[in-house]
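A short write-up of the structure that comes next.
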Amino acid sequence: MDRWRYILSAAVSASGFCLSLTLFVCNVAFLGRLPPSSYLIVWLSLFDSGVAGNQFIYALIQLTNGNVSELHCRFLGFVEFASGITTLTLCMGLTLFRYLVIVHKHNISSRFAPRYVAATITTSCLVASLPFILQHPEVYILHPTRLECNPNWAGRDASNLAVTGIAIIISATPIIFVGIAYTSIYFEVVRVNKDMQEISDHPRENASLQESSFLHIDSGRDSARLSRASVGLSVSIANTTKDTNRAQMQRDLERQHTLLVQSIVLVSLLVAGWGPYLMIGVYEFATGEFVSMDWGFAALICIALNETLNPIAVVWFDADIRNNVKRVFRVG
C-alpha cells in the first residue's frame with residue numbers, strides 16, 4: 001500500500017515540477033516586459049517547482065528503499081519550508097495587486113513587483129533559517145509520511161514552538177488577507193458594474209447632461225450669440241469624447257476582470273492545495289500529536305496537485321505568459 005502511495009506521489013509531483021519549471025524557464029528572459037501580476041506568477045512557478053521537486057525526491061528515495069540522512073533532511077526541509085512560505089506570500093501579492101488597483105485605484109509600478117519578490121524571498125529564507133540561527137537544526141524532522149522534512153509541528157520544546165508558531169502566523173496571514181481583500185474587491189466590482197450599467201441604460205440623459213454642461217459654461221452675455229450649429233458641434237464633440245472614454249473604460253474593466261479571474265483561480269487553487277496541510281499543521285501544533293499517515297499523505301497530494309494545476313491555469317488565463325511559452329516553443 002505504501003509503495004503505491006509513493007508511486008502516486010512521484011507521478012503527480014514530477015508533473016508539477018516539470019510544468020512549473022518549464023513555465024519559469026520560458027518566461028525568465030522576458031521578465032522585464034511583463035506586467036506586475038505576471039512577473040509575480042513567473043516567480044511563483046519557480047517556487048512551485050521547488051516544492052514539487054522536493055516531494056518527488058522524497059518519493060524516489062522511498063521507492064528505492066533509501067534513507068534520508070539528518071543532513072539531507074535539514075537541507076531539504078529548509079528548501080521546502082522556504083519555498084512553501086514564498087509560494088503563499090506571492091499568492092498574497094497577486095491579491096494585494098488586484099486589491100490596490102480595483103479598490104484603491106493605485107497603479108502598480110514596474111519596480112514594485114521585483115521589490116515585493118525580493119522582500120518575500122528574503123523573509124522566507126530568514127524564517128526557514130530560524131532553526132539554524134537558534135542552533136536547533138533538529139527542529140527539521142522526517143514526517144511519518146516520509147515524504148517531507150519540515151519543522152516538527154508536534155514538538156513541545158521552546159525552540160520548536162517558536163519556529164512552528166512563527167510559521168503558522170506567517171502562513172495564516174495570506175489566507176486571512178485574501179478573504180478580507182476579495183470581499184472588498186467584490187463590493188467594488190459590483191459598484192462599478194452598476195455605474196457602467198446606468199451609463200449604458202441612459203445614454204440620452206448623459207448626452208443632455210453634457211449639453212447642459214456646455215451651455216452652462218458658456219452662459220455669459222457673449223454666449224447668447226452662439227448659433228445652433230456651434231452648440232450642436234459642442235454637444236457632438238462631447239458625445240464623441242464620452243463614447244471614446246466609455247470604450248476605453250470598458251477595455252480597462254475587461255482587462256481588470258481578466259486579471260481578477262486569473263488571481264481568483266490561482267488563489268483558489270492555493271487554498272485548496274495548501275489549506276489541508278495548514279490545518280494539519282495547526283492541529284499538530286495545538287495537540288502535540290501527529291495525524292495519521294492517511295491524512296498526512298492526502299494533504300501532501302493536495303499540494304502536489306496544486307503545483308501541477310497552477311501552470312496550466314496560468315497559461316490558460318495569462319496571455320503574456322502564454323505568448324512567451326509559444327515564442328520559446330515556436331507554436332502559433
Side-chain angles (χ1 to χ4, degrees), residues 1-24 44-88 91 139-155 164 167 171 265-266 268-285 287-316:
M1 184 65 167
D2 286 345
R3 186 170 183 82
W4 283 109
R5 286 177 176 172
Y6 297 138
I7 290 173
L8 177 60
S9 178
V12 178
S13 57
S15 300
F17 173 77
C18 292
L19 291 172
S20 297
L21 190 61
T22 299
L23 194 68
F24 176 77
L44 175 63
S45 67
L46 175 64
F47 290 97
D48 278 349
S49 69
V51 173
N54 240 20
Q55 193 172 138
F56 175 73
I57 291 172
Y58 289 120
L60 202 59
I61 290 173
Q62 299 308 317
L63 288 171
T64 56
N65 298 316
N67 293 315
V68 181
S69 68
E70 285 187 0
L71 181 62
H72 288 157
C73 184
R74 290 167 186 175
F75 172 73
L76 293 174
F78 169 83
V79 172
E80 184 169 0
F81 195 28
S83 296
I85 294 175
T86 303
T87 295
L88 290 170
C91 271
V139 167
Y140 285 117
I141 65 166
L142 183 64
H143 195 270
T145 58
R146 305 188 70 81
L147 284 172
E148 62 164 339
C149 281
N150 251 336
N152 181 7
W153 301 104
T164 52
S171 301
V265 170
L266 292 180
S268 298
L269 287 173
L270 171 92
V271 173
W274 284 89
Y277 182 84
L278 291 176
M279 286 190 289
I280 286 175
V282 171
Y283 173 83
E284 293 181 348
F285 177 79
T287 63
E289 299 178 357
F290 290 113
V291 297
S292 67
M293 284 275 290
D294 291 336
W295 284 111
F297 176 75
L300 291 174
I301 286 297
C302 286
I303 293 176
L305 287 171
N306 172 69
E307 318 303 350
T308 303
L309 295 175
N310 263 354
I312 297 173
V314 167
V315 170
W316 181 269

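Since the structure is predicted, the reported quantities are computational estimates derived from the model, not experimental observations.
- Phe285 is linked by a side-chain contact (heavy atoms from CB on, under 4.5 Å) to Leu161, Thr164, Ile168, counting only residues two or more places apart in sequence or in another chain.
- The minimum heavy-atom distance linking Ser13 with Ser9 is given by the pair OG-O, 2.6 Å.
- For Leu305, the side-chain contact (heavy atoms from CB on, under 4.5 Å) criterion is met by Val12, Ile301, not counting sequence neighbours.
- Under the side-chain hydrogen bond (donor to acceptor under 3.5 Å, both in side chains) criterion, Ser69 pairs with His72, sequence neighbours left out.
- When the ring-ring contact (aromatic ring centres under 6.0 Å, His included) test is applied to Tyr140, the partners found at least two apart in sequence or on another chain are Phe132.
- A distance of 12.5 Å separates CZ in Phe47 from CG in Leu88, rounded to the nearest 0.5 Å.
- We find the CG-CD distance between Leu300 and Glu148 to be 4.5 Å, quoted to the nearest 0.5 Å.
- Across Ala52 and Gly16, no two heavy atoms sit closer than the pair CB-C, 3.9 Å.
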_Quick one, Gln62 with Ile7, criterion side-chain contact (heavy atoms from CB on, under 4.5 Å). Give me CA distance, side-chain angles, the key distance, then yes/no._
CA-CA 9 Å; Gln62 299 308 317; Ile7 290 173; over 6 Å; no
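- The shortest non-hydrogen separation linking Ala59 to Tyr6 is CB-O, 3.6 Å.
- For the pair Phe297/Leu8, a side-chain contact is recorded, criterion being any heavy-atom separation below 4.5 Å from C-beta on.
- When all heavy atoms of Asn54 and Glu80 are compared, the closest pair comes out as ND2-CB, 2.9 Å.
- Under the side-chain contact (heavy atoms from CB on, under 4.5 Å) criterion, Ala299 pairs with Pro276, Tyr277, Ile280, sequence neighbours left out.
- Here Met293 pairs with Asp2, Arg5, Pro144, Thr145 under the side-chain contact (heavy atoms from CB on, under 4.5 Å) rule; sequence neighbours left out.
- The backbone N or O of Phe17 lies less than 3.5 Å from no partner atom in the side chain of Ser20, so there is not a single donor-acceptor pair.
- Minimum interatomic distance between Leu23 and Ser45 (heavy atoms only, all atoms of both residues): CD2-CB, 3.9 Å.
- We find the CG-CG distance between Asn310 and Leu269 to be 5.5 Å, quoted to the nearest 0.5 Å.
- For Cys149, the disulfide (SG to SG under 2.5 Å) test picks out Cys73, with sequence neighbours left out.
- Residue pairs meeting the salt bridge (Lys or Arg N to Asp or Glu O under 4.0 Å) criterion with at least one member in residues 48-72, sequence neighbours excluded, are Glu70-Arg74.
- Applying the ring-ring contact (aromatic ring centres under 6.0 Å, His included) rule to Phe24 yields the partners Trp43; only residues at least two apart in sequence or on another chain are considered.
- Atom CG of residue Leu142 and atom CD1 of residue Ile61 lie 9.0 Å apart, to the nearest 0.5 angstrom.
- Closest approach of Arg3 and Leu63 over heavy atoms only: NH1-O, 3.4 Å.
- The side-chain hydrogen bond (donor to acceptor under 3.5 Å, both in side chains) check on Ser83 picks up nothing, with sequence neighbours excluded.
- In this structure, CD in Glu307 is found 8.0 Å from CG in Leu44, a value given to the nearest 0.5 Å.
- Every side-chain hydrogen bond (donor to acceptor under 3.5 Å, both in side chains) that Thr86 has, sequence neighbours left out, goes to Ser124.
- Side-chain contact between Phe81 and Val139 is absent, with no heavy-atom pair separated by less than 4.5 Å.
- To the nearest 0.5 Å, atom CD1 of residue Ile57 and atom CG of residue Leu147 are 12.0 Å apart.
- Scored by the ring-ring contact (aromatic ring centres under 6.0 Å, His included) test, Phe290 finds His143 as partners (sequence neighbours excluded).
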